[in-house]
Amino acid sequence: MLAFREYAYALVSLLINVPVAVADTSEPTFTRSGPIKGIGVSPPISNWEAPAYGLTQARLDALEQAGFNTLRIWISLEEFLTPPVSIEATLSRWTGYISRAAETGFRVQVSWASTWEQRIAVVNEPTTNARFERALGALCGALNRSFSEEQVALEMLNEPPGEQLAPSYYTSVAPGWYSACRSKAPNLTIILQPEAGWHGALGHFNLSQYDANTMFSFHPYAPGEFTHQGTGSQPHLYNVPMPITRYAGGKMQMLADVSARIEADTTLTPERKVEEITRYGRIIDHLWWSDGARWEDWTELQRWVGSTGINPRRIIAGEFGVVSEFNYNGTPALPDVASRAYFMHKIRAQTEANNFAGWVVHQAFGDFNLFQQTSVGEHGEHLIPELVEALF
């Protein structure tokens, strides 16, 4: 009955000269074998099976048995911009790395490892931008020759700079990169990100400039005060649970605990301590607003999908996770595995409910670890069971 009504509506619309929007139903080649269930990995290029950050066979087996089917790996933007020997040697070095990933049997999502300054330069500085386009053409040509389009995808510039710093990114630079790559690799799935991976900026892309084999990735890290607690500009905010109402003693106790840490910080002056307690008070008010109602909201993203008609299978939750207690600056961060699992399950469920292409969790090793660890640089060969259960 539904099919008949749609046919009848289309026929009437045609008769009265009202155009009917054609839904985007094409599937990116990279997703044809099913939804992406990915994880970020960084095995050393010189030793794939290194004890600390390597992918030993036992770790690969653990990932496969859990249900992961995609590895998100990193290649050096710096080496492509200023090759230590030649662009040919650099290309061979890193396509060999990609081949090693593909040989595992997982799909491979290739991204550029880069600094914030490099990301700005490839957009704003003409010489650096030209170097990147040349490197991009060489890499895309090599990917086209070496891998099937269902096996490898290329992600452009992780968390690019925003419009204020790089105003030409959406209007000319990203379309130019797309064209440079597409001319060498007509069937390669290309993945683009909005500024900082923020889904609210996806609307800046002009979808007519990209084909249906172009995907769009966003990074659902909101609220950052939870996912990145104990790091960055808020080192005194940690042990924040999800949902927020699990915090023992409630909002006032959280403020008291944070204030006590600030008061005990001998690196701060008395005046700075007062400023910091006030600043953290505003953050805590934000976290507790309506008992945590500001946890991740995808309404804006859903509106964009609806208004553009884009196939949701072209959208991927391309990076998300929660810092653990093994964090680089030494603060305790979050030993609460249940809160990490709650967040990861939530993102996975939202991704599935919106029929997106899938997700990539951050990360196998490090301070967002999914493998069991005893310190930042000490990794075992078993995944954390609660996090696996949350994702699968």
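Note that this is a predicted model, so its numbers are computed, not measured.
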What distance do Leu387 atom CG and Gln372 atom CD have between them, rounded to the nearest 0.5 Å? 9.5 Å
Could Arg100 and Glu49 be called an ion pair, given the rule that one side-chain N must be under 4.0 Å from one carboxylate O? yes
Check: Gln363 and Ser42 side chains under 4.5 Å, non-hydrogen atoms: no
So do the side chains of Ile73 and Ile98 get within less than 4.5 Å of each other, counting heavy atoms only? yes
Side-chain heavy atoms under 4.5 angstrom apart, residues restricted to Ile, Leu, Val, Met, Phe, Trp, Tyr: same cluster for Leu383 and Phe320? yes
Do other residues, nucleotides or ligands put more than 12 heavy atoms under 6.0 Å from the CD atom of Glu103? yes
Do you know the tightest heavy-atom contact between Val41 and Ala364? CG1-CB, 3.9 Å
CZ of Arg131 to CD1 of Ile87: how many Å apart, nearest 0.5 Å? 10.5 Å
I need the minimum non-hydrogen distance between Ala212 and Pro28, along with the two atoms involved. O-CG, 4.0 Å
Supply the atom-to-atom distance Leu71 CG to Leu63 CG, rounded to the nearest 0.5 angstrom. 7.0 Å
Under a 4.0 Å N-O cut-off, is there an ion pair linking Glu276 with Arg272? yes
Looking only at heavy atoms, the pair that brings Val322 and Met344 closest together is N-CE, 4.2 Å
Indicate whether the side chain of Tyr238 and that of Glu325 have a donor and an acceptor atom separated by less than 3.5 Å. no
Member of Glu300, His219, Gln193 meeting the side-chain contact (heavy atoms from CB on, under 4.5 Å) criterion with His199: Glu300
Donor-acceptor under 3.5 Å (Tyr97 side chain, Pro43 main chain): yes
Please report the interatomic distance CD(Glu386) to OG(Ser339), rounded to the nearest 0.5 Å. 11.5 Å
Evaluate Phe218 against Trp298 for ring pair (Phe, Tyr, Trp, His ring centres under 6.0 Å), listing each step before the verdict. CA-CA 11 Å; Phe218 69 101; Trp298 290 5; 5.2 Å; yes
Crowding at CD, Gln253 (>12 non-hydrogen neighbours, <6.0 Å): yes
Mutual orientation of the aromatic rings belonging to Phe216 and Phe205 [parallel < 30°, tilted 30-60°, perpendicular > 60°]: tilted
Report, as yes or no, whether the 6.0 Å neighbourhood of atom NZ on Lys184 holds more than 12 heavy atoms from other residues, nucleotides or ligands. no
Do the side-chain N and O atoms of Thr56 and Glu381 include a donor-acceptor pair separated by under 3.5 angstrom? yes
Between Arg313 (side chain) and Glu27 (backbone), is there a donor-acceptor pair under 3.5 Å? no
Do you reckon Leu77 sits in the same ILVMFWY cluster as Trp74, going by side-chain contacts under 4.5 Å, direct or chained? no
Are Asn158 and Arg72 close enough that some pair of their side-chain heavy atoms sits under 4.5 Å apart? yes
Would you say Val240 and Glu225 make side-chain contact, with heavy atoms under 4.5 Å? no
Between the main-chain N or O of Val376 and the side-chain N or O of Asn369, is there a donor-acceptor pair closer than 3.5 Å? no
Taking it one step at a time, do Val122 and Leu81 satisfy side chain to side chain contact (heavy atoms under 4.5 Å, CB included)? CA-CA 9 Å; Val122 295; Leu81 292 178; 4.1 Å; yes
Rounded to the nearest 0.5 Å, what's the gap from OG1 on Thr95 to CG on Leu139? Could you check? 8.0 Å
Could you tell me whether the side chain of Asn311 and the main chain of Ser26 form a donor-acceptor pair under 3.5 Å? yes
Got a donor-acceptor contact below 3.5 angstrom from the Glu378 side chain to the Ser375 backbone? no
Distance from Ser99 atom OG to Trp94 atom CH2, nearest 0.5 Å? 13.0 Å
Flag the pair Val123 / Pro160 as yes when at least one side-chain heavy-atom distance between them is below 4.5 Å, and no otherwise. no
Say whether, by atom type as modelled, one donor and one acceptor occur between the side chain of Thr278 and the main chain of Val274 under 3.5 angstrom. yes
How far apart are the closest heavy atoms of Asn327 and Thr231, and which atoms are they? OD1-CG2, 3.5 Å
Determine whether the aromatic ring centres of residues Phe365 and His379 are separated by less than 6.0 angstrom. yes
Return yes if some donor-acceptor pair links the side-chain N/O of Arg182 with the main-chain N/O of Ala185 below 3.5 Å, else return no. yes
Check the hydrophobic clustering (I, L, V, M, F, W, Y; side-chain heavy atoms under 4.5 Å; chains of links allowed) and say if Leu157 and Met215 are grouped together. no
So which atom in Asn69 and which in Pro35 form the shortest heavy-atom distance, rounded to 0.1 Å? ND2-O, 3.0 Å
When you look at Trp359 and Phe392, which way does the ring pair (Phe, Tyr, Trp, His ring centres under 6.0 Å) test go after all the steps? CA-CA 12 Å; Trp359 45 263; Phe392 298 98; 5.6 Å; yes
Between Trp295 and Tyr342, is the ring centroid distance below 6.0 Å? no
Asn129 side chain near Trp177 side chain, heavy-atom distance below 4.5 Å: yes
Should Phe326 and Ile384 be counted in the same cluster of Ile, Leu, Val, Met, Phe, Trp and Tyr side chains packed under 4.5 Å apart? yes
Taking atom CD of Glu163 as the centre, does the number of heavy atoms from other residues, nucleotides or ligands within less than 6.0 Å exceed 12? yes
Heavy-atom count around His382 NE2 within 6.0 Å, excluding the residue itself: above 12? no
N/O donor-acceptor pair under 3.5 Å between Thr82 side chain and Glu79 backbone: no
Without hydrogens or angle criteria, can the side chains of Asn213 and Thr29 be said to hold a donor-acceptor pair below 3.5 Å? yes
Is a side-chain N or O of Lys273 found less than 3.5 angstrom from the main chain of Glu263, in a donor-acceptor match? yes
Is the backbone N or O of Ala390 less than 3.5 Å from a side-chain atom of Arg348, with the two atoms forming a donor-acceptor pair by type? yes
In the structure I gave you, are the side-chain heavy atoms of Leu370 and Phe68 within less than 4.5 Å of one another anywhere? yes
Hey, any chance Ile191 and Phe132 share a hydrophobic cluster, counting ILVMFWY side chains that come within less than 4.5 Å of each other, even indirectly? no
Over all heavy atoms of both residues, which pair between Gly318 and Val360 is shortest? Give the atoms and the distance, please. O-CB, 3.3 Å
For Tyr210, is the NZ or CZ atom of Arg314 found under 6.0 angstrom from the centre of its six-membered ring and inside 45 degrees of the ring axis? no
Report the residue from Gln209, Glu195, His204 that forms a side chain to side chain donor-acceptor pair (under 3.5 Å) with Tyr170. Glu195
Say whether Tyr247 and Asp257, considering side chains only, have a donor N or O and an acceptor N or O under 3.5 Å apart. yes
Side-chain contact, heavy-atom cut-off 4.5 Å: Arg279 with Gln234? yes
Between Phe343 and Phe226, how do the two ring planes meet: parallel, tilted or perpendicular, split at 30° and 60°? tilted
Side chain to side chain contact (heavy atoms under 4.5 Å, CB included) between Met156 and Cys181, worked out: CA-CA 10 Å; Met156 301 288 185; Cys181 188; 3.8 Å; yes
